[in-house]
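Data block below; observations after.
Note that the coordinates shown come from a computational prediction; the quantities given were computed from them, not determined experimentally. The analysis underlying the following values was restricted to heavy atoms, covering all of them including side chains, and did not include hydrogens, waters or symmetry mates. A, B, ... follow the sequence lines: proteins, then strands. Residue 1 opens every chain.
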2 protein chains.
Amino acid sequence: MSLSREEYLPNISYDSVIFGFSGEKLKILILEYHNMKTFALPGGFVKVDEDLNTAVHRGLSERTGLKEVYLEQFYTFGSMDRHNPEIMGRIMKEQGHSDPDHWLLGRFVTVAYYALINYENVTPKPDELSDSIEWYDYDHLPMLMMDHNKIVDKALEHLRTHLDQKLLSINLLPDRFTMKDLQLVYEAILGEDLNRANFQRKMLSLDILERHDKLYSGGSHKAPFLYSFKKKTKT
Amino acid sequence: MSLSREEYLPNISYDSVIFGFSGEKLKILILEYHNMKTFALPGGFVKVDEDLNTAVHRGLSERTGLKEVYLEQFYTFGSMDRHNPEIMGRIMKEQGHSDPDHWLLGRFVTVAYYALINYENVTPKPDELSDSIEWYDYDHLPMLMMDHNKIVDKALEHLRTHLDQKLLSINLLPDRFTMKDLQLVYEAILGEDLNRANFQRKMLSLDILERHDKLYSGGSHKAPFLYSFKKKTKT
DNA sequence: AATTATTGTTTCTTTGTGAAACAATAGTAA
DNA sequence: TTACTATTGTTTCACAAAGAAACAATAATT
């Protein structure tokens with residue numbers, strides 16, 4: 001990937017809030033520019049002959065190896081105070097680019113997306129401008145570049161209000177899971193405890209789960225059923 | 001307004017779905033290029049040193065004279081099949097522009113917004129590329145350019161699912177209105193009839209209305225109360 | 001066989017919703 | 001003045017949904 005001027009649309013970028021979960025805490029994928037002590041959301045640019053959505057999927061795939069992940073676009077940020085050519089210039093200089101008129105130093109309107117994945121399935125790779133990429137607990141995010149903390153907040157707000165509708169598209173759980181697993185996902189995302197009995201009733205009433213054999217975990221108690229999501233029905 | 005290359009960000013546009021209402025039917029503001037028999041949503045471009053939201057407000061103000069109208073951003077459309085240089089070229093030729101490399105012929109990622117206004121307060125003005133601008137009933141929209149019909153559909157879908165939260169920001173009603181007026185707004189937007197008693201109960205329970213003196217309309221029946229929206233409370 | 005931890009279900013109560021009835025009242029007609 | 005009508009505000013009733021707690025089942029352990 002060359003980031004040459006002719007290949008990409010100028011002034012347009014995307015940023016992605018990649019939520020990760022693995023049975024316990026909600027995490028987010030964050031890029032770091034080590035020498036700069038600067039943190040940022042993973043993002044990218046749109047090729048001149050490429051769909052916006054394709055570009056975002058391509059970027060996620062390059063960083064995580066994951067394909068066919070559900071990505072939800074939730075807002076486009078376009079205020080002038082996003083423009084910070086100084087810090088961008090320093091990041092590029094660290095990596096050996098020093099053209100003072102480089103298109104990356106311009107002002108960007110960024111389209112923001114979020115995704116939800118099981119972070120144990122993934123070993124993230126940094127891009128050509130960053131030094132590393134790591135999972136951070138949502139509760140302990142570092143200070144991010146420009147307006148990226150606000151972007152994270154808005155992503156989570158959007159996810160919380162649309163969680164039920166997005167459930168089927170979520171890539172957080174293995175094919176088969178227990179009701180307890182599912183409840184843990186909900187509690188991590190919503191940030192609050194839920195009543196077990198009512199949660200079970202609600203999930204079953206949504207009519208999106210298929211019940212399978214029981215899981216004999218070796219625990220000295222009743223074995224839980226395993227569930228999977230029903231295939232989406234074409235309407 | 002000159003549309004010169006240096007003044008605007010290339011490849012980024014906005015489109016606005018302006019819903020209008022005046023006691024009866026839901027309407028939408030549509031531009032027409034007469035000789036082309038082409039219809040489109042009113043839209044515009046973002047100046048290089050201007051916030052995206054500011055640009056959209058500026059565009060709405062230029063066309064309707066309205067300021068401080070509530071605009072909701074709901075989606076950004078960025079697929080390649082939005083690119084149609086042929087039709088854009090013909091529109092520009094009609095108006096005397098004929099540069100085959102003009103930036104307006106490029107591909108655009110468009111950020112879409114909607115607004116709700118009382119259309120009786122407004123006399124819309126066409127822009128420099130269009131011949132006229134008119135209100136069309138939502139039920140009888142003409143075929144619009146490119147993906148603009150889809151943009152309208154998605155705007156209404158968004159509005160319907162968020163109507164309760166957006167109520168306070170809606171500019172459809174005068175300062176004081178009856179419960180009947182409010183119900184007509186809901187029915188026009190949702191496209192269905194609502195039960196009068198339950199609607200009243202729900203609106204009162206939202207705790208966003210202030211009740212004032214009765215309105216003696218001259219009708220031979222009980223006079224309705226007038227209501228206004230409570231001032232937004234700062235949290 | 002008793003015990004423990006956890007899961008699945010049921011019950012009870014409270015809250016919300018849809019449909020219908022009832023009550024109030026501003027003008028009109030007799 | 002007195003019915004009458006149209007419309008509005010409120011209440012009631014039936015029913016569904018949601019929250020809390022109790023009850024029942026059961027896989028391993030003691």
Does [X] reach the main-chain N or O of [Y] with its side chain, forming a donor-acceptor pair under 3.5 Å?
X	Y	value
Asp51(B)	Thr54(B)	no
Arg107(A)	Glu50(B)	yes
His140(B)	Tyr136(B)	no

Distance, nearest 0.5 Å, that separates CG of Leu204(A) from CZ of Phe199(A): 9.5 Å

Classify Lys180(B) by what it touches in the nucleic acid, base, sugar-phosphate, or nothing, heavy-atom distance under 4.0 Å. sugar-phosphate

Comparing Phe225(B) with Lys222(A), nearest DNA chain D nucleotide closer to 5' gives the residue Phe225(B)

Quick check on DNA chain D: between Leu204(B) and Ala197(A), whose nearest nucleotide comes earlier from the 5' end? Leu204(B)

Are the side chains of Glu134(B) and Ile30(B) in contact, using a 4.5 Å heavy-atom criterion? no

Close side-chain approach of Leu226(A) to Asp213(A), heavy-atom, < 4.5 Å: no

Counting only heavy atoms and a strict 4.0 angstrom limit, can you tell me which residues of residues 211-221 of chain A come near DNA chain C? Arg211(A), Ser220(A), His221(A)

Counting only side-chain N and O atoms of Gln200(A), is one of them less than 4.0 Å from OP1 or OP2 of dT7(C)? no

Check: protein-nucleotides 11-14 of chain C nitrogen or oxygen pairs below 3.5 Å:
from: dT11(C); atom 1: O4; to: Arg201(A); atom 2: NH1; distance (Å): 3.4

Atom NZ of Lys125(A): over 12 foreign heavy atoms under 6.0 Å: yes

Value in whole Å for how far the P atom of dT8(D) lies from CZ of Phe177(B): 15 Å

Using the test salt bridge (Lys or Arg N to Asp or Glu O under 4.0 Å), find all partners of Arg82(B) that sit at least two apart in sequence or belong to another chain. Asp15(B), Asp147(B)

